[in-house]
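Every chain is numbered from 1 and lettered A, B, ... according to where its sequence line falls, protein lines coming before strand lines.
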Protein chains: 2
Amino acid sequence: MATEEYHLARRRQVADAVERLIAERGFEGVTMARAAAEAGVSVGLVQHYFSSKDDLLRYAYTRVTERMLARALHRAEELAAHRGSIRLALRESLAERLPLDEARRAEWRVAFAFAARAVDLPDLAAVRNRTEAAIRDQLAQAITNGKECGEVPAETDARSAAVGLLALVEGLGLHTYLDPALPAPVVLAELERALAGVLPGECRHYG
Amino acid sequence: MATEEYHLARRRQVADAVERLIAERGFEGVTMARAAAEAGVSVGLVQHYFSSKDDLLRYAYTRVTERMLARALHRAEELAAHRGSIRLALRESLAERLPLDEARRAEWRVAFAFAARAVDLPDLAAVRNRTEAAIRDQLAQAITNGKECGEVPAETDARSAAVGLLALVEGLGLHTYLDPALPAPVVLAELERALAGVLPGECRHYG
DNA sequence: TTAGACGCAATATGATCATATTGCGCCATG
DNA sequence: CATGGCGCAATATGATCATATTGCGTCTAA
């Protein structure tokens with residue numbers, strides 16, 4: 001009965017409830033009692049599986065970032081298989097991080113809430129930095145591939161370019177989320193412009 | 001004795017204390033009692049001048065954004081007077097918003113803390129959107145000026161470009177602040193690359 | 001000179017939370 | 001059938017806060 005599998009499932013059950021709470025009421029809306037209620041369990045259970053609230057939050061954030069990363073990797077593989085242009089691949093995977101529809105808005109809100117708290121909580125910052133670095137590597141790899149087939153100028157520093165693209169997407173995300181007056185086409189056009197800056201060429205081979 | 005001037009000074013005294021608290025302990029570190037202590041006054045005084053904590057925070061944020069905006073305007077005038085290149089002017093005023101030294105880190109932390117809360121508090125979001133729009137206008141104006149003297153291609157949409165540049169700077173700021181492993185030169189280089197994307201030319205006349 | 005309003009201090013109130021404590025049912029094992 | 005430990009539920013504890021209340025000194029104006 002003490003299966004590890006079972007324990008893991010309970011931890012996830014609570015962590016998922018935390019995500020839902022953040023999406024609905026923001027970070028401030030998360031309390032031990034509410035997390036328990038949302039997960040349909042008792043406060044005692046939550047305490048049993050997490051040594052403190054910080055521990056719970058760190059676990060929940062790790063889950064969020066792992067999911068984001070897994071999606072990025074999956075998408076990269078998918079596109080490698082289909083051999084589309086690198087620029088197209090980058091556009092897709094970057095645009096996916098923008099809060100342009102309700103589902104993405106909810107996800108974005110959760111991820112951003114954690115990022116904002118990471119400014120004060122080094123634990124969360126560490127989780128975040130690890131993930132961002134992995135995503136940057138992913139982007140940098142794609143850009144490097146682009147060099148080989150002429151989509152990207154040889155003198156481009158792939159790692160720097162990845163930093164810039166990722167930062168742009170995060171900034172655009174914040175604006176998009178907060179300012180309903182900002183039209184989505186403008187946001188996407190700016191992403192496109194930035195991509196054009198990095199990948200002036202086009203090619204059909206990938207990887 | 002009931003001079004308006006006096007009232008204003010007290011309000012500012014408390015609002016400044018709030019800023020210091022955020023810079024030192026983050027948004028969570030702000031309580032009515034601590035704000036009063038930091039300002040060197042009683043809790044009663046704070047309550048007397050602000051109808052609620054939210055009111056106090058909104059006032060403090062308004063002050064922060066007004067200062068940022070005033071600085072942007074001042075810098076624009078300064079550069080118009082000296083007639084440097086527009087690209088130089090944009091670089092300066094954008095780089096200024098990055099947390100690259102301790103003073104800017106503190107300012108950035110305060111501004112970001114408010115922006116993060118703005119996700120949940122529409123009052124703060126309104127304050128923010130107003131300011132961001134003004135700064136974007138400022139940038140857009142500079143870019144438009146660039147068209148007249150050939151620094152900027154005629155087909156560029158100045159407003160869109162401003163959105164992109166501002167978003168990039170905000171994203172770079174977040175990365176810079178959270179990730180000490182990210183070298184400052186890379187961040188500045190990416191800002192430069194983005195500027196090159198918008199202003200491929202150079203010219204010496206401004207305004 | 002006194003009535004009252006204003007500016008503020010001190011303290012009370014009550015809500016909310018994270019966490020500590022206690023104990024109970026159930027299952028495995030002896 | 002004991003017994004002991006594990007998984008949890010229920011509740012207690014104490015801290016922290018925003019805000020309400022109360023009252024006091026001082027300046028103003030009649």
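- Atom pair Leu45(A):CG and dG7(D):C1' shows a separation of 8 Å (rounding to whole Å applied).
- Side-chain N/O atoms of Tyr6(B) include none lying less than 4.0 angstrom from OP1 or OP2 on dC6(C).
- Rounded to whole Å, atom P of dT19(D) lies 10 Å from atom CG of Leu56(B).
- Residues Phe112(A) and Tyr177(A) place their aromatic rings such that the two centres sit no closer than 6.0 Å.
- Between the side chains of Asp137(A) and Gln141(A), no donor-acceptor pair is found at a separation under 3.5 Å.
- Salt bridge present: Arg71(A) and Glu107(A) bring a charged side-chain N and a carboxylate O closer than 4.0 Å.
- Using a cutoff of 4.0 Å between basic side-chain nitrogens and carboxylate oxygens, Glu24(B) and Arg20(B) are not scored as salt-bridged.
- Proximity of His48(A) to the phosphate of dC6(D): no side-chain N or O atom is located under 4.0 Å from OP1 or OP2.
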Between the protein and nucleotides 20-24 of chain D, list the N/O to N/O atom pairs that are separated by less than 3.5 angstrom.
unit_1: dA20(D); atom_1: N7; unit_2: Gln47(B); atom_2: NE2; d: 3.2
unit_1: dA20(D); atom_1: N6; unit_2: Gln47(B); atom_2: OE1; d: 3.1

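- Regarding contacts with the backbone of dG7(C), every side-chain N or O of Tyr49(B) stays at 4.0 angstrom or more from both OP1 and OP2.
- Of the candidates dA18(D), dA9(D), dA9(C), dA18(D) carries the atom nearest the Lys53(B) side chain, counting heavy atoms from C-beta on.
- DNA chain C lies under 4.0 Å from at least one heavy atom of each of the following residues of residues 25-36 of chain A: Val30(A), Thr31(A), Met32(A), Arg34(A).
- Checking the phosphate oxygens (OP1, OP2) of dC8(D), a side-chain nitrogen or oxygen of Arg10(A) falls inside 4.0 Å.
- Residue Arg11(B) qualifies as enclosed at atom CZ: its count of foreign heavy atoms under 6.0 Å is above 12.
- For Tyr61(A), the ring-ring contact (aromatic ring centres under 6.0 Å, His included) partners at least two apart in sequence or on another chain are Phe114(A).
- Within the model, atoms CZ of Arg130(B) and CD of Glu132(B) stand 12.5 Å from one another, a figure rounded to the nearest 0.5 Å.
- There is a side-chain donor-acceptor pair under 3.5 Å between Arg10(A) and Tyr6(A).
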